[in-house]
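We use all heavy atoms of the structure for the numbers below, so side chains are in, but hydrogens, waters and symmetry mates are not.
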Amino acid sequence: MRRVAAAAVHLLTLLLALAGSSSTWAWGASGHRISALVAEELLSPAARSGITALMGRVDLAADAVVLDQQKDALAQRMPGSRRWHYDAQPLCAADAAAGGHCAGGHCATAQIARHAAVLADTTRSDDSRRFALLVLVHVVADLAQPLHAITHGDGGGNGVAVRYRLPGDRPGRALRSDNLHAAWDSAFVRGAFAKVRDERVVARRLLDGMDAATRTRWAQGSAADWQAESHQLAKARIYAPLYAQFAGLRCPAPHADAARPVVLDDAAVRDAIALVPQQLARAGVRIAAVLNQAFAP
């Protein structure tokens, strides 16, 4: 296991030289970079100094996308690592009681705890701690995406085909086609910031929209608390309206319904887009909180 982990660490450490920030809109990478830019502004002096010493620079926006960019290569070296991005607790209580969504510790909450401990341990190798930072900057943000914290027999929305229009789509334009999870990962992020193309400007607006009390409140709690928050948000604001078009939320998970194309009305899309800035800001605050704690004197 140590040889496998060392190989993965070496791979991702080398890739840091290739990772760079970008201000263009890409799919989920944009949300990760925005949250990382928020976090970077909230780093303590000790964390900023520690990251500089460890990484040779402070560029959390670049670090935040490496885990996705190298997902396939990492999975070959560390089986189970694909599941680190999720903590998809089933919506139905009976399914959740059966367990399995975090088998072997391969889920977001377990990996946040594991890698936070590694990053804080100065007796560990620099490569191990660099890898831990890459995991934390990415996975803490994943946990703020509501559909990474839930499933209803549909892979966290990946199995739900949706059609919708974004605000600003020209009249008569064909409805966009996607799956629900992908729409949240990318289209709703673009919709939330359609008039702003510079991710640093977006991050600054998110920071300016938070007061100190909000930042303090969002930074509190554990990864398990953050997962529970996202799970409840997904249940109330995503799944309940979605399944209202059918017979409402019910258990066991309605696999047949989940496979049906669903037209999201304009109100549902506006609600999703309104949630995106809040969740990206929460992610940034929590990334900073985890890093500040790991580098605390």
Under the side-chain contact (heavy atoms from CB on, under 4.5 Å) criterion, do Asp154 and Leu180 qualify, and how do the steps go?
-> CA-CA 10 Å; Asp154 57 13; Leu180 183 63; 5.8 Å; no
His138 and His32: aromatic ring centres closer than 6.0 Å?
-> yes
Where at least one partner belongs to residues 34-56, residue pairs that pass salt bridge (charged side-chain N to carboxylate O under 4.0 Å, His left out), sequence neighbours excluded = Glu41-Arg204
List in chain and number order the residues that pass side-chain hydrogen bond (donor to acceptor under 3.5 Å, both in side chains) with Ser44, two or more places apart in sequence or in another chain; answer none if no residue qualifies.
-> Asn292
Give a yes or no on whether a salt bridge exists between Asp208 and Arg205, defined as a side-chain N under 4.0 angstrom from a carboxylate O.
-> no
For residues 212-228, which residue pairs qualify under salt bridge (charged side-chain N to carboxylate O under 4.0 Å, His left out), counting only residues two or more places apart or in two chains?
-> none
side-chain hydrogen bond (donor to acceptor under 3.5 Å, both in side chains) against Trp84, all qualifying residues, sequence neighbours excluded | His106
What residues form a side-chain hydrogen bond (donor to acceptor under 3.5 Å, both in side chains) with Asn158, not counting sequence neighbours?
-> none
Test salt bridge (charged side-chain N to carboxylate O under 4.0 Å, His left out) applied to Arg163 - qualifying residues, sequence neighbours left out | none
Residue set satisfying side chain to side chain contact (heavy atoms under 4.5 Å, CB included) with Ala116, at least two apart, ordered chain then number -> Leu136, Val290
Side chains of residues 269-282: which donor-acceptor partners sit under 3.5 Å, not counting sequence neighbours?
| unit_1 | atom_1 | unit_2 | atom_2 | d |
| --- | --- | --- | --- | --- |
| Asp271 | OD1 | Arg237 | NE | 3.4 |
| Asp271 | OD1 | Arg237 | NH2 | 2.6 |
| Asp271 | OD2 | Arg237 | NE | 3.0 |
| Gln279 | OE1 | Arg282 | NH1 | 2.8 |
| Gln279 | NE2 | Ala144 | O | 2.8 |

Sequence-distant partners of Ala75, side chain to side chain contact (heavy atoms under 4.5 Å, CB included), two or more places apart = Ser81, Arg82
Hey, are the side chains of Thr151 and His101 touching, using non-hydrogen atoms and a 4.5 Å cut-off?
-> no
Could I get the full list of side chain to side chain contact (heavy atoms under 4.5 Å, CB included) partners for Arg170, not counting sequence neighbours?
-> Arg173
Could you walk me through whether His148 and Asp87 pass side chain to side chain donor-acceptor pair (under 3.5 Å), step by step?
-> CA-CA 6 Å; His148 280 246; Asp87 210 307; over 6 Å; no
Could you list all the disulfide (SG to SG under 2.5 Å) pairs where at least one residue sits in residues 105-222, not counting sequence neighbours?
-> Cys102-Cys107
Any donor-acceptor pair under 3.5 Å linking the side chain of Gln111 with the backbone of Gly105?
-> yes
Set of side-chain hydrogen bond (donor to acceptor under 3.5 Å, both in side chains) partners for His231, sequence neighbours left out = none
